[in-house]
There are 2 protein chains.
Amino acid sequence: MATNAAFAEIATLAGDPARAGMLHALMDGRALTASELAGAASITPQTASGHLSKLAAGGLLVVEKQGRHRYHRLASPAVARMLESIMQVAADQVSRRKPVVTGPRDRALRAARTCYDHLAGHLGVSLADSLIANKQIELTSDAGIVTARGVSLFDKLGIDYATRKPSSRARMLCRPCLDWSERRPHLAGALGAALCAHCLKSGWIRRIDGTRAVSVTTKGRGAFRDLFGIETV
Amino acid sequence: MATNAAFAEIATLAGDPARAGMLHALMDGRALTASELAGAASITPQTASGHLSKLAAGGLLVVEKQGRHRYHRLASPAVARMLESIMQVAADQVSRRKPVVTGPRDRALRAARTCYDHLAGHLGVSLADSLIANKQIELTSDAGIVTARGVSLFDKLGIDYATRKPSSRARMLCRPCLDWSERRPHLAGALGAALCAHCLKSGWIRRIDGTRAVSVTTKGRGAFRDLFGIETV
DNA sequence: CCGATGTTACGGTGACGGCCGAAGCGTAGC
DNA sequence: GCTACGCTTCGGCCGTCACCGTAACATCGG
């Protein structure tokens, strides 16, 4: 079967430690240069270049030329979802072997980070918990919906959660995404992306240098407390 | 980062052609013996044995001893979803290069097959289309819901689509799954699994020997025509 | 035009891993 | 017990691929 070979090819591309590191670094949805990715994967630029051409040839990345820089980005949300799903399975195995190894440098990542286009980490899970507790969304392991209460909340915040809305406004769709550090679902999908964008735009959170981690601003601390009852550290 | 190594390990496990073939064969959710899997991957039993121990050690498979047979099965729905998501990315690349290569022996698979625990192929997509057209479900690329009309339909059929139902019966949750052969979403999640189980239990479809393909019975042909307006060949 | 920077191409080296043949172990049936 | 069968382990062969050094190629700034 031809699909079988293609499957193995894609998985092999993701299977190399160096390439995995680069894909991991691109999971925040931004575009990075070959040198930045080389640093992220701890390899030389020329080795990274080879990997990147393979990833691009395999359709996992798209490349954007801009002067003497070449920006690399995940090719599609489908690729991001694939990486997420692999991380979930990997997280299962890790936690099964070791109780939990909280790296000191991972603290920021575990506290709050972006996951392609939405929020993850303790902050992401807390937000989802708050929305569920206040009956603004409902989540199962497979799917999620926004309730009428949720619709009014997001309207009030001015969050445009859908380009084309389904038939009923009370039935906005969203998607759960298992958090690899918290091991509980956070909010993904179109609504998760819109919420994350709103947090960034409003200055509630800020990206930390070149990582996926984000920090909560003073303004954000107040907003999360007032709107969602979340105390951020 | 430790998670990075674990990620690469999982992806590498899925990346070998032989292992990919075995995982592919296990995608229907059943448990197969080492010999059957060796045949599916076209390798000798001793080679298969090595692969299977690695897959089990990596947590992708669980093994069940039964006499002198050892049955291998996907470890969890999360693993199945991971494989699905890789197939989706792989399908994108395949179709991008070649117009579409319909293997003669794949005909049955493309017509109707199981995808871990739900229906896929032309039949699966047609079912989803019918449910959408009749406003019994709504699907986006991320999520889906069952409408009130859908609830009454599944109640009438006696399909128990959820163990614990969410607050409102009119808002049952389901999940879309991009079909790799049809390239359009079909119905997955708890509802998809329940619907597939009902089709099997009612004798509407039957598994074809040891493959993922299913055939529509005469009884099923009538049921699909009457209930969903689908003409099966 | 010239150096600096970012990126790609090539060749050689080393190691990891898949593959099979042969042999060892456990279970089932006679 | 003995034989048949399924499965696993071991040993050695071989191909593949990641890696880096060196070098060539583009682009930007001066």
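The sequence lines fix the lettering, A, B, ..., with proteins before strands; numbering per chain opens at 1.
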Apply the test side chain to side chain contact (heavy atoms under 4.5 Å, CB included) to residues B:Arg81 and B:Cys177: give CA-CA distance (whole Å), side-chain angles for both, the deciding distance (0.1 Å), then the verdict.
CA-CA 9 Å; B:Arg81 275 205 288 273; B:Cys177 175; over 6 Å; no
Starting from the C-alpha separation in whole Å, work towards a yes-or-no answer on side chain to side chain contact (heavy atoms under 4.5 Å, CB included) for B:Arg207 and B:Asp28.
CA-CA 10 Å; B:Arg207 292 187 188 278; B:Asp28 61 359; 4.0 Å; yes
Verify side chain to side chain contact (heavy atoms under 4.5 Å, CB included) between A:Cys199 and A:Leu119, making sure each step is shown before the conclusion.
CA-CA 9 Å; A:Cys199 289; A:Leu119 285 173; 4.0 Å; yes
side-chain hydrogen bond (donor to acceptor under 3.5 Å, both in side chains) between B:Glu36 and B:Thr33, intermediate numbers included:
CA-CA 5 Å; B:Glu36 290 170 321; B:Thr33 67; 3.2 Å; yes
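Across all strands shown, A:Ser53 has no heavy atoms under 4.0 Å from either base or sugar-phosphate atoms.
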Output one letter per nucleotide in nucleotides 11-26 of chain D: B when a protein non-hydrogen atom lies under 4.0 Å from the base, S when only the sugar-phosphate is that close, - when neither is.
-------SSBBB----
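Between A:His186 and A:His118, the ring-plane angle classifies as tilted under the 30° and 60° cut-offs.
Read 5' to 3', the first and last nucleotides of DNA chain C with an atom closer than 4.0 Å to a heavy atom of chain B are C:dG18 to C:dA28.
Between the side chain of B:Arg19 and the backbone N or O of B:Leu13, at least one donor-acceptor pair lies under 3.5 Å.
To the nearest 0.5 Å, atom NZ of residue A:Lys201 and atom SG of residue A:Cys196 are 12.0 Å apart.
More than 12 heavy atoms of other shown residues, nucleotides or ligands fall within 6.0 angstrom of atom NE2 in A:His198.
Distances shown here put a side-chain N or O of B:Arg70 below 4.0 Å from the OP1 or OP2 atom of D:dT8.
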